[in-house]
Amino acid sequence: MTYALENYIRLPRVELPGWDSGETIPDLPTDPQQAARALRARWDLGDGPIPHLVRLLESRGIVVAVLPYLNSDSRKLDGFSTARLPTRPVVVLNDERDDVYRHRYSCAHELGHLLLHGEAHPGDIEHERQANAFAAEFLTPSARLTGSLPTRVDFTALGRLQQTWGVSLDSLLVRSRELGLHTEAVSSRAWRRLKASRAQGLLPFTPVRGFPGEVPVLLQRAFEMAQRKGITVQRLAGDLCWPEDMVVRLLDTQDPRPALHLSEAPQLASATNERPYTDE
C-alpha cells in the first residue's frame, strides 16, 4: 500500500536513526534504555510524556497502519514492524487490541524493534525483552518517572499517572518494580488486586478512537491527496493486485459503492417455527 501510494504522493522524509532504504544500520546505543533516551534526544522530545505517539511516528516518516481483523491468528498479534521495505519503515498494529494504552505500548515496542533489530525474529525472547525495555523507557523515562511514582501501591495515584503518561496501570506497576520501589511480594499483591478489579468491570476500557493523535492518518491523507489527482480505490487495488475491499479497510475509508440494507423480519422465524440465528 505504501509503495503504491508513493507512486503518486511524496510522503514525509524518514527520520529514523540508522535507517537506509530497506535496512537499519546501528546508529544508537545497543542497550534498550540508552537507545530510548538517545532517540528522545535525537527527536528533541525532552523527558516528559509523549501526547500523540502514532502522530509522532508518522511525522518522522514511519508508516503506522492498523491491521483489520482477518482471521483467528491475527487476534494473537499485538503488532509487527519491518524496516526491509525499500521506501520506508512500517509499524502495523492490531485492530483487535483497541485499548489506547496497550495500543501506544505496542507502537513503542515495534519502534524499539525497528531501532534495535531492524527485523525482529518471531519468538525471539531476547528481542522481545529488549523491545519491552525500550518501550518502557521511551514512554516513561526513569529519570523523570521515579520521583512521581508512589512508594506504596496507590491505584488512585497510579490512575493519575496513567492519564499523564498515557500508559497502562500494568506498565506502571512493572516500572515500580523495575525501579526498586516495590518488592516482589508487594507487586504480586498489586497484580492480584488489579486482576480482580478487571474481572469486576471496575476498570474502564479506553478506546483508541477517542484519541485522534493515536489513530493513524498518514496513508488515508495520502490517498485523499491522490484522489485529487484522479486516483481511485479501484486504481490502487489494480496496482497492488488486491481486492478492493482490502484497500478500503487498510485505508479506513468509506467504500464508494452504494450499500444495500435489508430490514430484519423476525416474524419469518416465528412463522416457520425456527429460531433466529444467535451466537449461542
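Keep in mind that the numbers below use all heavy atoms, side chains included, and drop hydrogens, waters and symmetry copies. Small disclaimer: the values here were computed from a predicted structure and weren't measured.
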Going through the checks in order, is the salt bridge (charged side-chain N to carboxylate O under 4.0 Å, His left out) test met by R198 and D170?
CA-CA 11 Å; R198 283 208 176 95; D170 308 69; 2.4 Å; yes
From H182 atom NE2 to T151 atom OG1, the distance as rounded to the nearest 0.5 Å
7.0 Å
Taking the side chain as every heavy atom from C-beta outward, state whether R209 and V215 have any pair of such atoms under 4.5 Å apart.
yes
Hey, does R177 have a side-chain heavy atom less than 4.5 Å from the side chain of V186?
no
Is any side-chain heavy atom of L111 closer than 4.5 Å to a side-chain heavy atom of V91?
no
From E110 atom CD to L57 atom CG, the distance as rounded to the nearest 0.5 Å
10.5 Å
Is a side-chain N or O of E244 found less than 3.5 angstrom from the main chain of V233, in a donor-acceptor match?
no
Below 4.5 Å, heavy atoms only, C-beta onward: do T30 and L116 meet side chain to side chain?
no
Looking only at heavy atoms, the pair that brings P17 and L115 closest together is O-CD2, 3.8 Å
With a 4.5 Å cut-off on side-chain heavy atoms, are T232 and Q227 touching?
no
CA sep, side-chain torsions, deciding dist, call: F223, I9, side chain to side chain contact (heavy atoms under 4.5 Å, CB included):
CA-CA 8 Å; F223 175 64; I9 300 298; over 6 Å; no
For the residue pair H127 and H117, categorise the inter-ring angle as parallel (less than 30°), tilted (30 to 60°) or perpendicular (more than 60°).
parallel
Okay, side chain of Q33, backbone of E137: is any donor-acceptor separation there less than 3.5 Å?
no
How far apart are the C-alpha atoms of E6 and R88, what are their side-chain angles, what is the distance that settles it, and do they pass the salt bridge (charged side-chain N to carboxylate O under 4.0 Å, His left out) test?
CA-CA 10 Å; E6 288 203 277; R88 59 190 58 246; 2.9 Å; yes
Any donor and acceptor pair, going by atom type alone, linking the side chain of D99 with main-chain N or O of P207 inside 3.5 Å?
no
Joint cluster assignment, V217 & V14, ILVMFWY side-chain distance < 4.5 Å
no
Main chain of L56, side chain of S59: is a donor-acceptor contact present, judged purely on distance under 3.5 Å?
yes
When you compare the side chain of L53 with that of F138, does any pair of heavy atoms fall below 4.5 Å?
yes
4.5 Å side-chain heavy-atom contact, L149 and L158:
yes
Cationic N near anionic O, under 4.0 Å, E178 to R175
yes
Would you find a donor on one side and an acceptor on the other, under 3.5 Å apart, between the side chain of S106 and the backbone of R102?
yes
Closest non-hydrogen atom pair between R144 and D47, with its separation
NH1-OD1, 2.9 Å
What is the distance from atom CD of Q220 to atom CG of L251, rounded to the nearest 0.5 Å?
7.5 Å
Could you give the distance from CD (Q130) to CD1 (I125), rounded to the nearest 0.5 Å?
12.5 Å
Return yes if some donor-acceptor pair links the side-chain N/O of W43 with the main-chain N/O of E15 below 3.5 Å, else return no.
yes
Applying side chain to side chain contact (heavy atoms under 4.5 Å, CB included), can you list everything that pairs with N132, at least two apart in sequence or on another chain?
Y105, H109
Distance under 6.0 Å and angle within 45° of the ring axis: does R193 meet both against F155?
no
For L145, is there any backbone N or O sitting under 3.5 Å from a side-chain donor or acceptor partner on S148?
yes
Determine, step by step, whether V174 and W191 satisfy the side chain to side chain contact (heavy atoms under 4.5 Å, CB included) criterion, reporting the C-alpha distance in whole Å, the side-chain angles of both residues, the deciding distance to 0.1 Å, and the verdict.
CA-CA 10 Å; V174 171; W191 283 110; 3.6 Å; yes
Would you find a donor on one side and an acceptor on the other, under 3.5 Å apart, between the side chain of R104 and the backbone of S168?
no
With heavy-atom distances below 4.5 Å as the criterion, would you say the side chains of L219 and M1 are in contact?
yes
Supply the atom-to-atom distance L194 CG to S187 OG, rounded to the nearest 0.5 angstrom.
11.5 Å
Checking side chain to side chain contact (heavy atoms under 4.5 Å, CB included) for the pair I62/L218: CA distance, chi angles, key distance, verdict?
CA-CA 9 Å; I62 301 168; L218 182 60; over 6 Å; no
So V63 and E58, side chain to side chain contact (heavy atoms under 4.5 Å, CB included) or not? Walk me through it.
CA-CA 6 Å; V63 168; E58 291 185 317; over 6 Å; no
So, the side chain of R40 versus the backbone of P141: is there a donor-acceptor pair under 3.5 Å, distance only?
no
Answer yes or no: is there a donor N or O on one side and an acceptor on the other, between the side chain of R55 and the main chain of P212, under 3.5 Å?
yes
Starting at OH of Y8, measure out to CG of L236 and round the result to the nearest 0.5 Å.
6.5 Å
